[in-house]
Amino acid sequence: MEVRVRYAPSPTGNQHIGGVRTALFNYLFARSTGGKFILRLEDTDRSRYAEEYVGNLYDTFKWLGFYWDEGPDIGGPSGPYIQSERFDSYREHAKRLIAAGGAYYCFCDEDRLAKMRAAQAEGKTEEQGYDRHCRNIPAAEAAARVASGEKAVIRLKIPLEGSTAFHDLLLGDIEWKNEDVSPDPVLLKSDGFPTYHLANVVDDHLMRITHVMRAQEWLPSAPMHMIMYAAFGWEPPLLCHLPMVLGQDGHKLSKRHGATSVNEFRKAGYLPEALINYVAHLGCSYEDGRDLFPLADLEKLFRVERINKAPAIFDYQKLEWYNGQYIRQKSDKELCDLVMPHLLESGLFAGADGPGVRTLLEAAMPLVRERLHFLADAPAMLGYLIQEPPTAPPGEFIPKKLDAARAAAMLDAAAALLPKCDLGDVPAAEILFRSEAERLGAKLGDLLLPLRVAVTGSRVSPPLFESMALLGLRRCLERIARARAVLG
RNA sequence: GGCCCCUUCGUCUAUCGGUUAGGACAAAAGAUUCUCAAUCUUUAAAGAGGGGUUCGACUCCCCUAGGGGCUACCA
């Protein structure tokens with residue numbers, strides 16, 4: 001039987017790490033088994049829905065490099081793939097359930113429910129959740145009340161006794177006492193919209209989903225879904241509840257832990273390869289002895305048996321390491337393309353994508369490749385190549401254990417030596433500077449530090465000789481002269 | 001509170017009854033070095049606790065503790 005899995009996000013926020021992890025595992029499972037990966041929009045919550053989140057969804061997954069075999073944008077044999085376009089089906093199915101005796105109309109209004117909850121909170125009753133007040137209204141009476149226009153929801157009948165058992169691909173056999181299942185959850189809201197539970201079960205069945213992989217926070221509603229499948233007389237899909245992703249403090253990953261939406265990672269200059277590689281390892285392993293896996297390899301190697309049961313803590317440092325690894329794998333041209341949007345956005349590089357500047361920047365990529373942890377670091381690192389750096393305060397020019405006069409002397413010596421160097425030949429230039437340092441009785445570092453600060457504006461910079469080669473002799477000498485004036 | 005899931009270095013993980021419990025990130029030390037990086041070498045670091053089962057348990061079972069999740073006309 002062909003595997004059919006789905007990622008079914010609710011467009012009520014930007015795509016975040018948790019969602020991407022669920023999507024990725026479903027995606028990898030489909031690819032590794034030769035099955036189908038389906039995207040379905042669960043837009044049944046009108047109060048939190050926003051169009052921009054749908055755009056963000058497509059944008060995010062396009063960036064990550066996922067593709068789906070069926071979905072709202074590309075269609076497929078089980079469409080439509082947007083739940084708001086399937087409303088008639090849910091209503092019809094809810095009514096079918098009533099006819100079959102698996103569900104009932106409930107006329108309790110907000111008021112009564114609120115009072116009931118208040119009483120429960122005070123501890124007057126042991127029961128939690130809906131008190132099944134309307135469960136035993138005769139079907140004919142309920143139908144009449146609905147026909148007369150009275151507002152009603154449809155609730156699922158959870159058996160009062162017995163238990164519900166199911167098998168979880170990861171967790172194994174699970175048995176749940178029916179009395180511990182959420183008592184008679186709402187399937188169809190009074191406005192006619194379905195709840196997640198109804199829409200999810202109906203669509204999974206209609207779309208012939210074979211495996212439901214979702215976060216473990218859904219586990220408590222699994223027995224209720226199983227009861228619904230049984231009430232419909234349907235064969236349920238196999239369930240697989242994935243471990244949760246937590247923040248450093250062990251609580252559910254959220255804003256206060258740092259970036260969580262893919263947008264944020266993207267803006268900060270993370271590569272999709274790094275994000276995918278890292279997220280793929282949250283609660284799952286592949287082969288031993290390797291850390292870097294291209295998506296194509298993950299697609300081949302993914303095995304449900306290698307998923308962990310325990311929740312995983314999100315480690316930004318390890319993700320950062322992955323990012324550095326993938327940045328270092330890029331060619332000059334690739335890296336330049338990746339860095340360009342960040343350069344342009346910084347405002348320091350107006351016209352950087354024009355041919356002249358572009359050539360310079362591409363030539364500068366070898367100088368920063370090993371220094372970049374994030375693409376967004378690039379503007380600060382490369383600014384001095386395009387703009388005149390602000391002249392540093394005098395103290396910056398003075399090497400440790402030396403004084404201002406000595407630093408000035410170093411700078412003069414460097415300025416005198418520079419025109420004699422072939423900047424295109426870095427090793428040769430370095431030899432010249434080394435012997436000059438020796439002549440001055442200084443370390444090479446002491447000779448280069450004032451020069452570095454003069455040329456790049458900072459004590460920390462990409463390699464100096466290579467930088468000067470890119471800048472050209474004239475600009476270097478100008479900067480040295482300006483620095484010399486500051487030094488006095 | 002009730003119900004459920006989980007438990008190997010700080011973190012992500014390997015181990016599928018017999019290992020000096022391995023790797024990666026982070027940390028520390030060193031090498032290299034024009035700064036910063038990168039790279040290389042090395043070090044430190046773990047089976048929550050208690051009972052069983054077994055010739056032998058990280059591995060299987062039970063209890064306890066701890067962590068997490070759910071407990072909506074949200075998903």
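Order of the sequence lines fixes the chain letters, A, B, ..., with proteins taken first and strands second; residue numbering starts at 1 for each chain. This one's a predicted model, so the numbers in the text were calculated from it and none came from an experiment.
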d(CD, A:Gln325; C1', B:U39) in whole Å | 11 Å
Kindly say whether the aromatic ring centers of A:Trp218 and A:Tyr196 come within a distance under 6.0 Å.
-> yes
Tell me: OH of A:Tyr326 to C1' of B:A24, nearest whole Å?
-> 13 Å
Please confirm whether A:His281 and A:Tyr286 have ring centers closer than 6.0 angstrom.
-> yes
Which whole-number value in Å describes the distance from A:Asn178 CG to B:C3 P?
-> 15 Å
Nucleotide opposite B:U32 in a Watson-Crick or G-U pair, distances under 3.5 Å = none
Do any N or O atoms from the side chain of A:Arg48 and from the backbone of A:Thr12 form a donor-acceptor pair under 3.5 angstrom?
-> no
Tell me whether the centres of the aromatic rings in A:Tyr270 and A:Tyr322 are closer together than 6.0 Å.
-> no
Quick one: does NZ or CZ of A:Arg145 land under 6.0 Å from the six-membered ring centre of A:Phe107, within 45 degrees of the ring axis?
-> yes
What integer number of Å spans the C1' atoms of B:A48 and B:C9?
-> 14 Å
Rounded to whole Å, the CG-P distance (A:Asp184 to B:U71) equals 16 Å
Once each nucleotide of nucleotides 6-15 of chain B is scored for protein heavy atoms under 4.0 Å, what B/S/- sequence comes out, 5' to 3'?
-> SS---SBSS-
Given atom CD of A:Glu430 and atom P of B:C34, what is their separation to the nearest angstrom?
-> 5 Å
Please list, chain by chain and in numerical order, all residues satisfying ring-ring contact (aromatic ring centres under 6.0 Å, His included) with A:Tyr384, sequence neighbours excluded.
-> none
Separation of atom CG in A:Leu292 from atom P in B:G23, rounded to whole Å = 18 Å
Protein-nucleotide distance (A:Arg452, atom CZ; B:U33, atom P), rounded to Å | 15 Å
Nearest-nucleotide 5' precedence on RNA chain B, A:Ser190 against A:Val426 = A:Val426
